[in-house]
Amino acid sequence: MQYCTKCGKELQDNFTYCPFCNTKVANNEMMNDSQIRGEGGNFSPTKQSIANQLKTSEQLDILCLLGFIFSFVVMLAGLILSILAYKRVKDEGKSINKTLAKIGIIIASLQIVIIVILLLVSFAGVVNKPQSV
């Protein structure tokens with residue numbers, strides 16, 4: 001019998017993601033019955049597994065959120081941060097983080113394209129401006 005290291009739910013041996021909390025699990029990351037059950041048979045994760053889960057979640061959320069926010073203010077920085085965040089979370093199964101990263105990429109890219117088009121139109125208008133006599 002195997003259990004998820006994050007939520008403690010029982011998992012089948014062939015699961016690669018926990019169907020309850022959508023956490024990616026490998027056979028070496030799952031805990032067996034003797035590791036997970038404390039006194040009284042309740043879920044009792046180790047302090048280390050809790051600390052690892054919190055540390056990973058906070059870093060991913062912060063990077064995705066920064067990429068999203070920067071995509072509005074400093075477009076190039078937002079694009080870079082969002083791409084880095086997406087690469088980190090694409091296999092994690094955390095949909096809100098992936099969504100923030102994707103939106104950050106889209107917003108920053110669209111703003112950069114619009115600015116380039118406006119600069120080209122502006123430059124073309126200056127070059128092709130008829131000279132008055």
Side-chain angles (χ1 to χ4, degrees):
M1 202 180 291
Q2 299 291 326
Y3 295 88
C4 175
T5 56
K6 184 173 181 181
C7 68
K9 301 286 185 179
E10 184 178 339
L11 303 174
Q12 294 179 6
D13 291 335
N14 61 348
F15 283 175
T16 55
Y17 284 91
C18 175
F20 302 99
C21 67
N22 206 24
T23 300
K24 184 176 181 181
V25 290
N27 286 337
N28 60 349
E29 293 175 355
M30 287 191 276
M31 295 185 279
N32 62 29
D33 194 36
S34 63
Q35 291 172 308
I36 201 161
R37 298 291 172 190
E39 290 183 28
N42 295 327
F43 173 60
S44 176
T46 63
K47 290 180 183 177
Q48 186 63 36
S49 69
I50 293 171
N52 288 342
Q53 291 294 331
L54 290 174
K55 184 178 179 184
T56 303
S57 300
E58 290 173 9
Q59 288 176 346
L60 296 176
D61 288 337
I62 290 171
L63 188 59
C64 292
L65 187 61
L66 284 176
F68 177 74
I69 291 170
F70 272 72
S71 67
F72 289 102
V73 183
V74 185
M75 289 139 310
L76 189 57
L79 181 62
I80 292 169
L81 285 174
S82 294
I83 290 171
L84 291 175
Y86 184 74
K87 284 185 176 185
R88 286 178 74 176
V89 300
K90 70 179 179 181
D91 295 329
E92 292 293 321
K94 296 184 183 263
S95 61
I96 188 69
N97 291 333
K98 287 196 313 192
T99 303
L100 278 176
K102 285 179 185 178
I103 292 172
I105 292 169
I106 292 169
I107 290 171
S109 299
L110 286 174
Q111 287 182 357
I112 290 170
V113 167
I114 290 170
I115 288 174
V116 168
I117 289 172
L118 289 174
L119 286 173
L120 289 174
V121 168
S122 170
F123 182 71
V126 170
V127 172
N128 295 331
K129 186 176 182 181
Q131 295 180 359
S132 56
V133 187

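On a predicted model such as this, the values are computed, not experimentally measured, just so you know.
- Annotation: the span from Tyr86 atom OH to Ile83 atom CD1 amounts to 11.5 Å, rounded to 0.5 Å.
- Taking all atoms of both residues into account, the shortest heavy-atom contact from Ser71 to Gln111 is O-OE1, 3.0 Å.
- In summary, of the residues considered (Ile107, Ile105, Ile106), a side chain to side chain contact (heavy atoms under 4.5 Å, CB included) with Leu79 occurs for Ile105 alone.
- Here the SG-CG distance, from Cys64 to Leu84, works out to 10.5 Å after rounding to the nearest 0.5 Å.
- A continuous path of Ile, Leu, Val, Met, Phe, Trp and Tyr side chains, each step under 4.5 Å between heavy atoms, connects Val73 with Ile62, placing both in one hydrophobic cluster.
- Considering CG of Leu110 and CD1 of Ile115, their distance stands at 11.0 Å, rounded to 0.5 Å.
- In this structure, CD1 in Ile114 is found 11.0 Å from OG in Ser109, a value given to the nearest 0.5 Å.
- In this structure, CG on Leu63 lies 10.5 Å from CG on Leu100, to the nearest 0.5 angstrom.
- The two residues Phe68 and Ser82 come nearest to each other via the heavy atoms N-OG, 3.9 Å.
- The minimum heavy-atom distance between Ile112 and Met75, with the atom names listed, is CG1-CB, 3.9 Å.
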